[in-house]
Each structure stands twice: as C-alpha cells, then as structure tokens.
*Asks:* 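Mind looking over this structure? Questions follow.
Counting convention: from 1, in listed order, for ligands and their atoms alike. It should be emphasised that the depicted structure is a prediction, and the values quoted were computed from it without experimental measurement.
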Amino acid sequence: MKGEDQPLVISNVALEGKPVDIVINDGIIEAIHPHNPQLSIPHSLIIDASGKAAFPTFANLHTHAAMTLLRGYGNDVPLQSWLNDWIWPKEKLLTDEHIYWGVRLACLEMLRSGTTAFADMYFFLPAAARAVHDSGLRALLGDSVFGDAEAMADAASYKVPDWQDDRVRYAVAPHAIYSVSETGLRRVAHYCKANNLLCHIHMSETAEEVANCLRQHGCRPYEYLERIGVLEQLDHRIIGAHSLHLSPEEMRLMARYGVVAVHNPNSNLKLGSGHQFQYKELRQAGVRVALGTDGCASNNNLDMLEAAKTMSLLQKGWRNDPTVMPAAETLQVASRNGFEALGINAGEVAVGRLADLMLVDLNHWAMVPDTDTRANLLYAAHSDAIDTVICNGRILMRNRQVAGEAEVIAAVRRIAKELQVTQ
Ligand SMILES: [Zn+2]
C-alpha cells in the first residue's frame, strides 16, 4: 500500500469549499495550505484531487462485523424468533476461518462507505484482528461475554493480546443486562477497571428489556448498573449500544459516569425496537452520542452514510421539527463523536489530527450542483460518491478500487454455502 512511509500530498482538494493541499506524514495531517500548483514536498506521493472534497471518515460505534456472513438471512421476523430460530443456530457453526472472511467483507463494505474505525462485539477475536489488520482499518474488538463471565473472575489474569497495536484494540463486551448475571457484570466491571479496558454493552434496546428490568430489579437498566456498582467502576469506560428507551434520571446517570450512547437507527427500525432516540435530551444532559449500524443480520448493511441520514430524518420526523439534527451536526455525530469515544484523534480534517479522511467525487450526480457540499453528501449521496479513503495515512481505496475485493467476495460466497444460508 502506498502512502504509509512516504509523505502524501492531496493536491487541490476542496475543504470547507476552499481549494487546499493537505500534507500527510507518518499517519498525521501535518499541514494544510491554500492550493499551490507548485507545492513540492521531497519524496512525496501526490494525489490530484481536483473535483473532489475532503471529509473526515466515519466511526461506526456498534457493529458485529462477522455477521456479514448472515446478511439477508432471517428477515421480517420477530426478534426472539430471529435469534432463536435463525441467527443463534448458525452462529454455533462458525469457525476462525469464517470469522476472518466475514470481517474482511465487513471491512471492505466499511471502506467503500467511508468508515475507518469501528467498535465490534463478537467472538474469535484473533481471527477478526487479522482481518482488520489485513484490511488496514482501526477497530475496538469487544470480547463477547455471557452468564457469570467466568473468564473475568480473576482480573489479574488479563494479558494484552498479541494482536493488539495502535490500530486494533481489545475491549470487553458483556452482551446485555438480561444475558449476563449480576455476578458477571460485577466481574466485567472490576476486570475493565483493573486493566484499563473499555466495556461495550447492549443497553435499553427494547421496551420489553426495560419492563423486565423493572419487574426483576425494581429499577430501570442504567439504574440497575449503578445500584450494583458497575457504573462507578466503569466510569468513562462504557459504550452503551442502543440506549433507546431511557428516563431523564438514566440520562443524568449516563452523563455522570461518561457513558457513550450509540444510536443504531436502521437496526432499531428494522427490528421494530423503537424510533424515538432522545438525541436532544441526551445532549442537554451532557451525554456523548455516537452512531452505529449494528450487525448485517439486522440492518442489513454497514453504511454509516445511510445510518446518518436515517438518524437525521428520524429526529426531524418524530419531533415534527425540520430544524433539529442539521447536516453538519449529524456528520459530526457519525465521525468525530465516535472517534473521540474510542480515544482516537481523528474525525476532523485538521492539522495535528490522524490522517483518516475520504475524498468525495464532486462530479457525482448527487453532488451537483454544489450548493451545500455537506447537505449533498448527507441527504442526496450514497456511498458510491466516495472515491478515495485514507486511514492512518494509508490509501485503502482509490478511484473506488479496493485491493483484494474479488477474493473476499468469493470466500464469503463459499462460506455462505457451507453454512447453508444460501443455496
Ligand atoms: Zn448489536
């Protein structure tokens, strides 16, 4: 791959409507100059980006990447039947090799739709890590935990995985408060605190989950986590996927303990989980909100541009207010908020930030006329308007070409046949 060891110059690209040259060195945006056709940086690779606009890439804060293998399997059925009769029986069959290719397909799709970092929750982490490495993206790989979390009983037993580096990191992912016991949740919290790990958990996804929590524990899900001491231990270390059905008191708790609320609008809509994500209330309470796609079995894609548009339209729709969730703010939720939640210094095309950015083709029909580039990208374009994607200073897609695409697609087709999810 080009661009990692030599300086990269993105020449004559539109940034906030102005033509500039972006200089990338050692994975960092080193300088941004007004465009100068004579600009010369020794030994650099120059990309002519005239007719393109630069945007920060997206951070997908909740997904199950390998579930690309089950894309389109089990549609339009109730949640419990979907899990029991469709998804879980197939997940029992998965192997390291399946996971590797499923995650490769996920990374391919994420690259094509402008995502360079994701927070995952699944199994077979070493195979997933290899796939992320080979694809060139960043990921926080959450180790799925159920029941009593036996493996986390001894916090001192944690060893930094040999696959971890500055792009791919380990996290703990207790599935949810209804599938992990109180003992398990306490163990996870202690384990994460002792080893300075992030914790990624499904929270308050359905009204039924909240009703069950009220019946069993006499309080709502985030109140339950506080009562058993988990929020305190996981202070500023918790990613709460969905966080859809919340009370004002829970939002105050989330703000106090630095919980990141991750909205997954397409998954929530398709599974009929609810559509009134309380973005404004969460922001007013001081909670950081990020965006995710959830896995491909429920969405059925990993397209953050589509998720961002859905989020914006849903907020305007259920509040009957077109002024909420304007384009710039929505794109920031999909990008910078997610990177910040992961502790990654990206999400903005600015000097000193990590070089995670994409070039959007201003000659694509959806970007014409160029009256408002951001609004065109969010409301008119699909991901095929994204031409080039750079992660950590490396060019991973250029002219919509991604290395190894045919091999990934062939492998996943073969595996889907083996799993009998296709004919
Ligand atoms: Zn999920």
Side-chain angles (χ1 to χ4, degrees), residues 58-75 77-84 86-88 90-91 94 99 102-103 105-107 109-110 115 117-125 128 139-146 171-180 185 188 198-210 212-213 221-222 225 238-246 259-275 277 289-304 306-307 310-311 334 338 341-342:
F58 301 119
N60 183 349
L61 261 274
H62 178 65
T63 189
H64 312 273
M67 290 185 89
T68 50
L69 297 170
L70 302 177
R71 190 199 313 271
Y73 182 69
N75 293 290
V77 291
L79 180 65
Q80 277 314 312
S81 156
W82 178 73
L83 287 171
N84 291 321
W86 295 81
I87 300 303
W88 286 341
K90 293 299 179 191
E91 284 189 333
L94 296 177
I99 297 294
V103 175
L105 181 61
C107 289
E109 183 182 348
M110 286 193 262
T115 293
F118 64 100
D120 203 58
M121 188 190 276
Y122 218 55
F123 319 96
F124 300 96
L125 269 54
L140 180 74
L141 299 181
D143 197 356
S144 284
V145 172
F146 291 84
V172 182
H175 177 263
I177 60 162
Y178 54 85
S179 47
V180 182
L185 290 166
V188 165
L198 287 175
C199 174
H200 184 177
I201 180 171
H202 292 114
M203 287 296 293
S204 304
E205 179 175 1
T206 63
E208 188 188 0
E209 174 188 335
V210 176
N212 287 342
C213 187
Y222 277 106
L225 285 190
I238 176 165
I239 298 172
H242 299 296
S243 298
L244 185 59
H245 301 272
L246 301 170
V259 177
V260 178
V262 184
H263 185 29
N264 300 274
N266 293 58
S267 172
N268 294 159
L269 285 170
K270 185 156 182 281
L271 294 176
S273 305
H275 64 279
F277 181 77
V289 175
L291 188 67
T293 59
D294 213 344
C296 263
S298 67
N299 184 317
N300 298 357
N301 67 30
L302 305 173
D303 188 333
M304 284 289 287
E306 186 181 285
T310 306
M311 179 184 188
L342 296 175

*Asks:* Strictly by modelled atom types, are Asp294 and His64 linked by a side-chain donor-acceptor pair under 3.5 Å?
*Replies:* yes

*Asks:* Using modelled atom types only, decide if a donor and an acceptor are shared between the side chain of Thr206 and the backbone of Ser273 within a distance under 3.5 Å.
*Replies:* no

*Asks:* Glu91 and Tyr122: side-chain donor and acceptor closer than 3.5 Å?
*Replies:*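 The criterion, which ignores hydrogens and geometry beyond distance, is satisfied for Tyr122 and Glu91.
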
*Asks:* Taking 2.8 Å as the limit, list every protein N, O or S atom around the Zn ion (ligand 1), by chain and residue number.
*Replies:* His62 NE2, His64 NE2, His202 NE2, Asp294 OD1

*Asks:* For the pair Thr115 (side chain) and Ala59 (backbone), establish whether a donor and an acceptor sit closer than 3.5 Å, ignoring hydrogens and angles.
*Replies:* no

*Asks:* Parallel under 30°, tilted from 30 to 60°, perpendicular over 60°: which one fits the rings of His242 and His62?
*Replies:*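 Answer is perpendicular, since the angle exceeds 60°.
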
*Asks:* Is there a donor-acceptor pair under 3.5 Å between the side chain of Asn299 and the backbone N or O of Asn266?
*Replies:*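 Judged by distance alone, no pair lies under 3.5 Å.
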
